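First the structure, in the form of C-alpha cells, and then the observations on it.
Just the heavy atoms: all of them, side chains too, but no hydrogens, waters or symmetry mates, feed the values below. Everything quoted here is computed from the prediction, not taken from an experiment. Below, read A as the first sequence line, B as the second, and so on, with proteins coming before strands; counting in each chain starts at 1.
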There are 2 protein chains.
Amino acid sequence: MRKNTRGSLIWLRMTRFVDQSNLLSNHFLKPYQLTTAQFDVLMQLFVYQPLTQSELAEKVTVTQGGISRMLVRLEQEGLIKRTQEWKTKTISLTDKGQQKLAHVFEDQLAFQSSLFDDCLSESEQKQLYALLSRIQKNSERKWKQYKGGQ
Amino acid sequence: MRKNTRGSLIWLRMTRFVDQSNLLSNHFLKPYQLTTAQFDVLMQLFVYQPLTQSELAEKVTVTQGGISRMLVRLEQEGLIKRTQEWKTKTISLTDKGQQKLAHVFEDQLAFQSSLFDDCLSESEQKQLYALLSRIQKNSERKWKQYKGGQ
DNA sequence: CCCTTTCACTTGAGTGGTAAAGTGATGTTA
DNA sequence: TAACATCACTTTACCACTCAAGTGAAAGGG
C-alpha cells in the first residue's frame, strides 16, 4: 500500500513546522510570562476589541469551552476585563494587558518574520501567502460546513 | 504601531489552517476511535518501525514525557507493543494496530489530499511543498539548536 | 567495590484543546 | 402565566502537550 500522497506530504511538513515554531515561540515568550496561545488571544483583542466571547473563540479557532477557561486565566492575571451586558460578556484589554502586549509585540513579530526571512525571498513569501490563503479558506469553509451541519 | 508583517500573516494563516484541518481530521477519525495525534504516531511506526521511544518522540515533534503517555494509552488499546531490552524500549505495531491502520489509511490520506486538491493545481501543490520544505527545515534547525543548547 | 554519571523512560503540575452536559437569564407561545 | 426554547457562557471529563523533577539500570573511575 502507498505510504503517502502529495497532499499528505504537504500536511506533514506543515504540521511539523507549526509544532516546531510553536515550541520556539513559547520559548521566546516565556520571559514575558505568556504562552503562544495567550499572545494570539491578546493580539486579536488588540486588533478587534471589544469582542464577545463567541466572536473571540471564532477568531482564534477554539471552542466556547476553551476560550472560557483561557479568559478566566487571563482575567486572573489582570490582562483583560470582561463586562457583562444582558447575557453577553464583552472582552477588552486592561491597561496592564495593553502595556504587556506593547512590550512583547515587536519581539514576537520579529521572531515570526525570521522563520520566513531566513530562507525565503520576498516574492517567494508572497507566493506562499497566496497559496496558504487559498487552502486556509478552503478548510475554513469545510469546517464551518461541518459545524453548521451538526 | 504596525499590527503585522508578511511573516506574521503567513504564520497566522498557517496556524489557522492547521487548527481547522486538525478538527476536521479528528472528526473523520472518530468512527475509528483514533485521534489525529494517535494516527500520526501509528503512521510513523508503520513506516519506520521498530523505533525507540526517543526516536519516535523526535519524529512526531513531541517531548519524551508526551510520547510516554501516548504510548501507555496506545498500549492499553493493544495497538502497539513495547519490548524492553537493556534500558531501551522498542516500539512496534501489534497485528491489531497493523489492521486498524490498514482500515483507516486510505480514508485519512484521501482526506488530507482533498484539503489541497480542492483548490490547488498540481503545479501549485509542488510549489507549496517546495516552499514548506524549506521553512520546515529552517525551523527544525532552529529547534534542534535550541534543544541542543539547553 | 562504591560513587557518580548517564541514559531512557516515567511522573507531577500546569496549560490548552475537545465534546457534551449544565446554568441561568431572556424571549415566545399556548 | 406556566411551559418551553434559546442564547451565551461555564463546567466536567477526557486527551495531548510542556517543563522539570524523579527512577532505576548500566557504565566508568577512584
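- Atoms CE (B:M70) and C1' (C:dT10) sit 16 Å apart, rounded to a whole Å.
- When the side-chain nitrogen and oxygen atoms of B:Q38 are compared with OP1 and OP2 of D:dA16, one or more of them lie within a distance under 4.0 Å.
- Of all nucleotides listed (C:dA19, C:dT15, D:dC15), C:dA19 comes nearest to the side chain of B:K30.
- Summarising the geometry, the separation between CG on A:L71 and C1' on D:dA8 is reported as 13 Å, rounded to the nearest angstrom.
- Within the 4.0 Å cut-off from OP1 or OP2 of C:dC7, not a single side-chain nitrogen or oxygen of B:S54 is found.
- Backbone-only contact: A:Q53 has heavy atoms under 4.0 Å from sugar-phosphate atoms and none from a base.
- Taking atom CD1 of residue B:I67 and atom C1' of nucleotide D:dA16, one finds them 11 Å apart after rounding to whole Å.
- In this structure, A:L23 reaches the sugar-phosphate backbone alone: every heavy-atom distance under 4.0 Å involves primed, P, OP1 or OP2 atoms, never a base.
- For B:L24 and C:dT18, the CG to P distance is 12 Å, given to the nearest whole Å.
- Side-chain proximity of A:T35 to the nucleotides C:dG16, D:dC17, C:dA20 is greatest for C:dG16.
- At a threshold of 4.5 Å between non-hydrogen side-chain atoms, the residues B:L42 and B:L34 count as touching.
- When side chains are defined from C-beta on, B:V72 counts as touching B:Q76, because their heavy atoms get closer than 4.5 Å.
- Mapping A:V72 and A:R69 onto DNA chain D by nearest heavy atom places A:V72 at the nucleotide closer to the 5' end.
- Spacing between atom CZ of A:F28 and atom P of D:dC19 amounts to 13 Å, rounded to whole angstrom units.
- Here C:dT10 is the nucleotide among C:dT10, D:dC17, C:dG17 with the atom lying nearest to any side-chain atom of B:Q64.
- Residue contacts shown for B:T63 include a base, since a base heavy atom lies under 4.0 Å away.
- With respect to the salt-bridge test (charged N to carboxylate O, under 4.0 angstrom), the residues B:E140 and B:K144 qualify.
- At whole-Å resolution of the value, CD in A:E58 and P in D:dA8 are 13 Å apart.
- The distance between atom CG of B:L34 and atom C1' of D:dA16, rounded to the nearest whole Å, is 14 Å.
- Nearest-nucleotide positions on DNA chain D for B:G66 and A:R82 put A:R82 closer to the 5' end.
- Between A:K100 and A:E77 there is no salt bridge, since no side-chain N of the basic residue sits under 4.0 Å from a carboxylate O of the acidic one.
- Regarding A:L29, its CG atom lies at a distance of 14 Å from the C1' atom of C:dT15, rounded to whole Å.
- Side-chain contact, A:R16 with B:Q136: no donor N or O sits under 3.5 Å from an acceptor N or O.
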